[in-house]
Amino acid sequence: LLVSKKTKTGIDFLSGYISLKGIGVVKSAVLGDFGVNLGQGLTAWHSFSVHKSSDVMSVKREGAVISPYRSSDENGFLRGAAVLLGKGKLSGVFFISSKNKDAKVALDTLGGIGSYVTYFPTTGLHRTESEYNSMHTHMETLTGASFIFHAEKFHLQLNALTRKYSIPVQAGGDVYNRFYFSGMRCSNVSAGYSFFLSGTNNFGELAMDEKGNVAFVHGLLMPLSRKADLSFYCRNISSRFNSIAGDIFTDGFQISNEFGFYSGISIRPKKNCELGFFIDTYRQPWVQFQTPYSKYGRQILLSGNFAVSRHSQISFRFNKQSEGSSLESIFGSFESDKEGIYRFKYDFRTERPSGMILSSGFRLTYCSSAKQSDLTTGLAIISSLQWKVRKLSSFISASFFDVDNYKSSIYSLEKSINGSSDFLIFQGSGVRLSGVFEVSIIKRMQLSMAFGITGRIEENYVSQGKLSLQYNW
């Protein structure tokens, strides 16, 4: 439940669901708000997913095919009904969704097509008149089905889904929007697979949109010993490919225009020590916003987790990403226009004998560029306290952040209800206070409540010291 002063009822976003499991051939069913996870995410993936992270073995997407939606994000879910039917090794998933979405709608006075959507805001905020006028201005209808065969060492999934808009979408006239979806209807079909061969787990997905554009991903998980594992992941996604509701392991924000290869290793030299390292090389052939040439990059990450005592742990992560614009191969040298992003994360966590858990840490981002004037930084200090008194479990988190611009944004996970997490992006300067409270009423009933308050100094009003508040509960 999100609260807003802009609506007549005061309710900006309301979410709920009814879920059933294990009734005959009905393995799972959801009525209300839900998410769908198909294959490796080329066509649809609504659950929380890890991209390039300190867990170098998390390149494979695994999750329930359908699941109830429990977050406060207004975008990453479907609203309608979904059912998973299964018997033996065969299963089938069928779902339908129809919901209003925020959209910026323009009027074509020359082309004769009437109203059309120029872009979809995803912040969920309706603070200004412009944001309020974009609130729930169009309807999205999505239908789909998936057929699954699952054996002991082999898994095959065939997927098909269609999305229809109530108002046509028209991409902008800029060159980087040339292959972006335009129209009222789009479709995706895909085949996902997973199999074990010689002790390795191979997995992937092949997808195609309604115009025949193709996207393909393939990965491999290989255990070297009890103390070491390897992972590889290759993706080849056409610049013309359009995904309906996908979310896969890529460097870009959109599922298109990327070719890359990832390799990682996880080492556990001691019982309470784990090290991770990966290198990812990629290329985005088609031009993008503020990038007039093909883009290439290389990213490395080193992470570690150590148990300093029975009740205390320390973790760190160092991430370096270098990018440039060139027509050369991604395996070539970087040119003078390259851009480097350095991220460092440190966390300390300790648990007291009383059961109270205290954690504290910081995130630091440094962005370099060929132009000295383009140097930017970002800093966030995050502390949290978790405790339990009888039937009441409580979690409180406080954060301070100071970020120059979007390039040095700070990313973090925030605890939410029912064991889920919300993905946060810190930008600008300010503070955030959040909390989760859960009460066990009876044996099988639990009442949960989460809140978040963000105070941010607006950039346009720094001289006046204007502070804006954003809150959800």
Side-chain angles (χ1 to χ4, degrees), residues 51-53 73 75 102 104 118-128 130-131 134 172 174 176-177 250-254 257-258 280 282 284 287-293 295-301 317-325 334-346 361-382 398-414 422-432 452-470:
H51 288 237
K52 291 181 283 188
S53 71
D73 185 358
N75 302 281
D102 291 357
K104 184 67 174 179
T118 56
Y119 76 96
F120 300 101
T122 58
T123 62
L125 301 177
H126 308 113
R127 305 161 298 180
T128 65
S130 176
E131 292 175 347
S134 300
D174 299 290
Y176 58 84
N177 283 326
T250 59
D251 183 79
F253 292 101
Q254 296 180 353
N257 187 36
E258 184 164 316
D280 183 48
Y282 55 90
Q284 296 162 351
V287 298
Q288 301 177 71
F289 177 66
Q290 293 185 341
T291 307
Y293 305 102
K295 180 180 177 181
Y296 62 95
R298 188 176 294 118
Q299 182 178 3
I300 61 173
L301 181 143
R317 184 173 66 192
F318 173 75
N319 189 339
K320 177 186 177 182
Q321 185 172 8
S322 300
E323 294 182 340
S325 299
F334 289 89
E335 297 183 352
S336 59
D337 62 345
K338 68 180 180 180
E339 181 179 76
I341 303 176
Y342 303 82
R343 301 182 187 275
F344 184 77
K345 172 185 176 182
Y346 171 84
F362 67 89
R363 287 94 173 104
L364 178 65
T365 302
Y366 173 81
C367 300
S368 64
S369 176
K371 298 179 180 180
Q372 191 69 22
S373 59
D374 291 341
L375 297 179
T376 61
T377 59
L379 172 66
I381 301 174
I382 304 173
S399 307
F400 163 79
F401 56 94
D402 185 13
V403 180
D404 289 342
N405 60 23
Y406 74 95
K407 291 184 179 180
S408 52
S409 298
I410 301 290
Y411 306 97
S412 180
L413 290 178
E414 183 176 85
D422 291 333
F423 185 71
L424 297 180
I425 302 178
F426 292 115
Q427 293 181 343
S429 300
V431 294
R432 178 171 175 82
I453 302 175
T454 302
R456 183 181 287 107
I457 300 176
E458 301 288 356
E459 293 184 2
N460 294 334
Y461 299 93
V462 173
S463 59
Q464 293 96 343
K466 182 176 180 178
L467 181 68
S468 67
L469 291 178
Q470 172 195 344

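Hydrogens, waters and symmetry mates are skipped; everything else that's a heavy atom, side chains included, is used.
- Of the possible donor and acceptor atoms, none in the side chain of Q321 sits under 3.5 Å from a partner among the backbone N and O of I300.
- Summarising the geometry, atom NZ belonging to K345 is positioned 8.0 Å from atom CD1 belonging to I382; distances are rounded to the nearest 0.5 Å.
- When all heavy atoms of E258 and D251 are compared, the pair lying nearest together is OE2-N, 2.9 Å.
- More than 12 heavy atoms of other residues, nucleotides or ligands shown are found within 6.0 angstrom of CD on Q427.
- With no hydrogens or angles considered, no side-chain donor-acceptor pair links R298 and S322 at under 3.5 Å.
- For the pair Q299 and N319, the minimum side-chain heavy-atom distance is below 4.5 Å.
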Could you walk me through whether K320 and L301 satisfy the side chain to side chain contact (heavy atoms under 4.5 Å, CB included) test, starting with their C-alpha distance in whole Å, then the side-chain angles of each, then the deciding distance to 0.1 Å, before giving a yes or no?
CA-CA 6 Å; K320 177 186 177 182; L301 181 143; over 6 Å; no

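- With sequence neighbours excluded, the residues forming a side chain to side chain donor-acceptor pair (under 3.5 Å) with D280 are K52, R235, listed by chain and number.
- The two residues F401 and V431 make their nearest non-hydrogen contact at CE2-N, 3.6 Å.
- In this structure, N75 and T122 approach most closely via the heavy-atom pair ND2-O, 2.8 Å.
- Atoms OH and CG, from Y119 and D102 in turn, are 9.5 Å apart once rounded to the nearest 0.5 Å.
- Here the CZ-CZ distance, from R317 to R343, works out to 9.0 Å after rounding to the nearest 0.5 Å.
- You'll find the side chain of L379 stays beyond 4.5 Å of the side chain of R363, heavy atoms only.
- No side-chain heavy atom of F426 sits under 4.5 Å from any side-chain heavy atom of Y411.
- Heavy atoms only, all atoms of each residue included: K104 and S134 are closest at CD-OG, 3.7 Å.
- Once rounded to the nearest 0.5 Å, the distance linking OH of Y346 with CZ of F362 reads 8.0 Å.
- Between T365 and S409, the shortest heavy-atom contact is OG1-O, 3.8 Å.
- A donor and an acceptor atom, one from each side chain of S429 and D402, are located under 3.5 Å apart.
- Closest approach of N405 to T376, counting heavy atoms only: ND2-CG2, 3.2 Å.
- Applying the side chain to side chain contact (heavy atoms under 4.5 Å, CB included) test to T377 and every residue at least two apart in sequence or in another chain returns Y366, D404.
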